[in-house]
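Written out below as structure tokens is the structure these notes cover.
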Amino acid sequence: MADNTTNSAQTAEADKGYWQANLRLIYISLAIWALVSFGFGILLRPLLSGISVGGTDLGFWFAQQGSILVFLVLIFNYAWRMNKLDAEHGVEED
């Protein structure tokens, strides 16, 4: 009976570590997404207007294209990191 208790405690601790790592990855991705889309595209646009990218100012570029490109990079990064995290915790898909 003691072995079952110890084993379930270790499993619960491993599950907790997995979800903490998963949530940390989600929070970091959301922070980057918010900074790029809302911060650079809206709040910091006047500061970025002096920098030219592709014939337009950097703030406009972030609002129109940059935030979408960063979002796509975040999606692929999240998928890659989650596959790596799943393999570390033994919950990968076949």
Side-chain angles (χ1 to χ4, degrees):
M1 183 69 179
D3 290 334
N4 277 345
T5 305
T6 305
N7 192 18
S8 63
Q10 289 173 346
T11 302
E13 195 65 33
D15 289 347
K16 185 178 179 182
Y18 173 78
W19 284 107
Q20 284 178 344
N22 186 4
L23 289 175
R24 184 177 60 243
L25 183 58
I26 290 171
Y27 292 147
I28 290 170
S29 297
L30 283 174
I32 292 169
W33 172 76
L35 176 69
V36 170
S37 63
F38 188 69
F40 290 162
I42 297 172
L43 297 177
L44 299 176
R45 187 166 187 265
L47 295 173
L48 299 173
S49 64
I51 303 169
S52 180
V53 172
T56 187
D57 65 271
L58 187 60
F60 180 77
W61 184 84
F62 267 113
Q64 296 300 312
Q65 294 173 350
S67 59
I68 295 169
L69 295 176
V70 170
F71 185 66
L72 289 173
V73 169
L74 285 173
I75 290 171
F76 286 110
N77 181 51
Y78 178 78
W80 175 68
R81 296 286 305 265
M82 280 306 298
N83 285 336
K84 196 171 162 183
L85 185 65
D86 288 348
E88 288 175 9
H89 289 274
V91 291
E92 67 270 359
E93 296 178 4
D94 292 330

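When reading the values below, keep in mind they use all heavy atoms of this one structure, side chains included, and skip hydrogens, waters and symmetry mates. Numbers here simply count residues along the sequence, with the first being 1.
Using a 4.5 Å heavy-atom threshold, the side chains of Ile26 and Tyr78 count as touching. Residues Asp86 and Glu93 have side chains not in contact (no heavy-atom distance under 4.5 Å, counting atoms from C-beta outward). Proximity of Leu85 to Leu25: side-chain heavy atoms (C-beta onward) are nowhere separated by under 4.5 Å.
Here the straight-line distance linking atom CZ of Phe71 with atom OG of Ser29 works out to 9.5 Å at 0.5 Å rounding. Separating the CD1 atom in Ile28 from the CZ atom in Arg81 is a distance of 7.5 Å, to the nearest 0.5 Å. Residue Phe60 holds its CZ atom at 8.0 Å from CD of Gln65, rounded to the nearest 0.5 Å. Note that OH of Tyr27 and CG of Leu23 are 5.0 Å apart. Values are rounded to the nearest 0.5 Å.
In the hydrophobic clustering of this structure, Leu43 does not group with Leu35; members are Ile, Leu, Val, Met, Phe, Trp, Tyr whose side-chain heavy atoms approach within less than 4.5 Å, directly or through other members. Both Leu47 and Val70 are members of a single hydrophobic cluster when ILVMFWY side chains are connected at heavy-atom separations under 4.5 Å. Each of Val73 and Met82 belongs to its own hydrophobic cluster when Ile, Leu, Val, Met, Phe, Trp and Tyr are linked at side-chain heavy-atom distances under 4.5 angstrom. In terms of hydrophobic clustering, with Ile, Leu, Val, Met, Phe, Trp and Tyr side chains grouped at heavy-atom distances under 4.5 Å, Trp80 and Val91 are assigned to different clusters. Phe38 and Leu30 fall into different hydrophobic clusters, where Ile, Leu, Val, Met, Phe, Trp and Tyr are joined by side-chain heavy atoms under 4.5 Å apart, directly or via other members.
The only option from Val53, Val36, Ile42 that meets the side chain to side chain contact (heavy atoms under 4.5 Å, CB included) definition with Phe62 turns out to be Val36.
When every heavy atom of Gly41 is checked against every heavy atom of Ala63, the shortest pair comes out as O-CB, 3.9 Å. For the residue pair Leu48 and Phe40, the shortest heavy atom distance occurs at CD1-O, 3.7 Å.
Glu88 pairs by the side-chain hydrogen bond (donor to acceptor under 3.5 Å, both in side chains) definition with nothing, not counting sequence neighbours. Listed by chain and number, the residues in a salt bridge (charged side-chain N to carboxylate O under 4.0 Å, His left out) with Arg45 are Asp57 (sequence neighbours excluded).
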